[in-house]
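Inspection log for the structure reproduced underneath, given as structure tokens.
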Amino acid sequence: MYGWIWRHLPGNAWARAFISLVLILAVVYVLFQYVFPWAEPLLPFNDVTVNNQ
Amino acid sequence: MRVIVRTFSELCITIGALIVLFVAYILFWTGVRADGAMSDQIDQLHRQWSKGSVQPATRTSRDGTTTTRVTVSGPAPYHYGRPFAIMYIPRFGFTWNKPVAEGTGRDVLAKGLAHYQGTAQLGQEGNFAVAGHRRTYGDPFLDFPKLRPGDAVVLTDGTTWFTYRIDKGPYKTVPTDVEVIDPVPRTSGYTRPGRYLTLTTCDPEWGHSHRLIVWAHLDSTRSVEAGEPAALRR
């Protein structure tokens, strides 16, 4: 999987390393901004109120 | 065969990294975000109060549409998601102060303490009920079990200091026990209508099977011009 991505990146090793870093940061950003806020309510830490549900 | 093993191990590493990132998000990032949002709200409240406009200028309801203007005597109605008071609890430390906003939605709780909609307004007859996170989102009610009868819970709405004194708690109950935020909560020991305060959070610390409750009564009020109430002075 990662080998496949590496082979398909353009440029020499330095350029590939740089692009990989950017890709990793982009993935982390998407996770923190969108995926984790969505997944977080599935965990119990949010239930601090009394209600009828 | 080699490809399968390699792909499988790469998948495992990816999942492991995802879990580590998620834990970092829950433990650390929600706190960073919440602390930022809470200090922003406190600054905003102080700015609003220093300008003398205690009542918010525009009013929008939860779905973004404007609500009809209601004329009632007493304090202005609260608006969903908008902070209206700052809470101080000396037991949690003299630097502990959090904004209180209207509504107990997830989005509100992510930015501070949340006032139950439909319960009394600050300092008014009835039960002023507030919920807060015990863990994550800045851990506002982390030390909740340390509260004891006699402890002060001080709130200000920009014009008045309200000092509540805790009478009972922490009391452990189940999440469906909505009677704890009744105007006169039965299990609190109060028998007559009065000006009460209820705080709720989750229990155990990382779980959601129970709730912890404390009840307090309004002990004294003081105008902001008169300075901080005794409970806040060191």
Side-chain angles (χ1 to χ4, degrees), chain A, chain B residues 3 6-11 13-14 17-18 21-27 29-30 33 103-110 113-114 116 129-137 139-141 144 173-181 198-213:
Chain A
M1 183 167 62
Y2 294 119
W4 184 89
I5 295 172
W6 182 260
R7 279 195 300 279
H8 285 74
L9 289 175
N12 59 19
W14 284 108
R16 287 177 181 189
F18 178 73
I19 296 169
S20 312
L21 196 69
V22 172
L23 280 177
I24 291 167
L25 289 178
V27 168
V28 170
Y29 175 80
V30 168
L31 284 173
F32 270 59
Q33 201 64 32
Y34 302 103
V35 181
F36 290 159
W38 163 83
E40 200 262 333
L42 308 174
L43 289 165
F45 317 129
N46 273 296
D47 302 328
V48 293
T49 57
V50 288
N51 54 45
N52 279 318
Q53 287 135 42
Chain B
V3 176
R6 192 199 291 143
T7 311
F8 178 72
S9 35
E10 281 181 350
L11 257 175
I13 291 168
T14 310
L18 265 180
L21 278 175
F22 189 50
V23 170
Y25 171 83
I26 293 278
L27 294 187
W29 193 242
T30 58
R33 294 280 290 269
T104 49
R106 210 180 287 287
D107 51 331
V108 180
L109 279 161
L113 305 175
Y116 285 84
V130 174
H133 277 287
R134 176 106 171 259
R135 274 293 187 180
T136 72
Y137 292 103
D139 308 339
F141 278 164
F144 204 87
T173 187
V174 290
T176 50
D177 186 9
V178 290
E179 283 182 359
V180 297
I181 58 167
T198 305
L199 304 178
T200 73
T201 193
C202 69
D203 191 71
E205 221 169 303
W206 292 102
H208 64 153
S209 60
H210 290 80
R211 298 289 179 270
L212 281 184
I213 316 292

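The chains referred to below are lettered A, B, ... by the order of the sequence lines, with proteins before strands, and numbering in each begins at 1.
Using a 4.5 Å cut-off between heavy atoms, B/L18 contacts chain A through both its backbone and its side chain. Within the 4.5 angstrom heavy-atom criterion, no atom of B/S209 approaches chain A.
No side-chain donor-acceptor contact under 3.5 Å links B/E205 to the backbone of B/R135. Using modelled atom types, no side-chain atom of B/T136 and backbone atom of B/I26 make a donor-acceptor pair closer than 3.5 Å.
Residues of residues 25-36 of chain A having a heavy atom under 4.5 Å from any heavy atom of chain B, listed by number: A/V28, A/L31, A/F32, A/Q33, A/F36.
Listed by chain and number, the residues in a salt bridge (Lys or Arg N to Asp or Glu O under 4.0 Å) with B/D203 are B/R134, B/K172 (sequence neighbours excluded). Scored by the side-chain contact (heavy atoms from CB on, under 4.5 Å) test, B/S9 finds no partners at all (sequence neighbours excluded).
Chosen from B/V174, B/V130, B/L21, the residue pairing most often with chain A at heavy-atom distances under 4.5 Å is B/L21.
With contacts defined as side-chain heavy-atom distances shorter than 4.5 Å, the pair A/E40/B/Y137 qualifies. For the pair B/C202 and B/F141, the minimum side-chain heavy-atom distance is 4.5 Å or more.
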Identify each donor-acceptor pair in which a side-chain atom of residues 12-23 of chain A lies under 3.5 Å from a protein atom, sequence neighbours left out, and give them as a table.
from, atom 1, to, atom 2, distance (Å)
A/N12, OD1, A/W14, N, 3.2
A/N12, OD1, A/A15, N, 3.0
A/R16, NE, A/L9, O, 3.1
A/R16, NE, A/G11, O, 3.2
A/S20, OG, A/R16, O, 2.6

